[in-house]
Amino acid sequence: MPLADYFSAPDDEAALAVPRTEGGPTRTGHDPVRLRGVDPVLALVRLEAAVTGCGHEEAGARPCGGQVLSDPQDGPPFVVAVTDTPREALAHAGEDDLACAAAQWRASGEPPASPRRPRAAPSRP
């Protein structure tokens, strides 16, 4: 499985602009986490299950989960969407919630590799 950069963007349009920019997410200020061997669609389903408390089947059945936003005919790199459900759960999660979700995600069978640099946990609004 190839190396992938995982990053957040404010909206789909901004995310789709990243692969077209030389230097990718680092150059555009998106603070990526570089992982190898983590299938993005499967990882997003497992992440959603961990942060929302739903089952893997429910997370995988939601519309748009792991949807490829970029045109597959353009070839890699591809941009894959995160649904609103895990995005909102992550945005409102406290440190304990994130630690619990990380433990559940790790136990789900496809833990993320070590990121290049640690990420700060979002605080509750």
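Treat the numbers as computed from the prediction; the structure is a model and nothing was measured.
Of all heavy-atom pairs spanning Val82 and Arg87, the tightest one is CG1-N, 4.2 Å. Across all their heavy atoms, Ala49 and Ala59 have their closest contact at N-CB, 4.1 Å. Nearest heavy-atom pair, Val68 versus Pro72, reported as atom, atom and distance to 0.1 Å: CG1-CG, 4.5 Å. Nearest heavy atom pair, residue Glu22 against residue Arg27, reads O-CG, 3.1 Å. Minimum interatomic distance between Pro19 and Pro77 (heavy atoms only, all atoms of both residues): CB-CG, 3.5 Å.
The CG atom of Asp5 lies 4.0 Å from the CZ atom of Arg34; values are rounded to the nearest 0.5 Å. For the atom pair CD of Glu95 and SG of Cys100, the computed distance is 14.0 Å after rounding to the nearest 0.5 Å. Considering CG of Asp12 and CG of Leu69, their distance stands at 4.5 Å, rounded to 0.5 Å. Glu88 contributes atom CD, which lies 12.5 Å from atom OG1 of Thr52 (distance to the nearest 0.5 angstrom). Within the model, atoms CG of Leu42 and CG of Leu47 stand 11.0 Å from one another, a figure rounded to the nearest 0.5 Å. Separation of atoms CD (Gln104) and CZ (Arg46) is listed at 13.0 Å; rounding is to 0.5 Å.
Proximity of Pro86 to Leu44: side-chain heavy atoms (C-beta onward) are nowhere separated by under 4.5 Å.
Within a 6.0 Å radius of CG in Asp74, other residues, nucleotides and ligands contribute more than 12 heavy atoms.
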*Would you sort out whether Val18 and Phe7 count as a side chain to side chain contact (heavy atoms under 4.5 Å, CB included), showing the intermediate values?*
CA-CA 10 Å; Val18 170; Phe7 64 93; 3.6 Å; yes
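A donor-acceptor pair is defined here as one N or O able to donate and one able to accept, closer than 3.5 Å; no such pair exists between the side chain of Thr21 and the backbone of Thr28.
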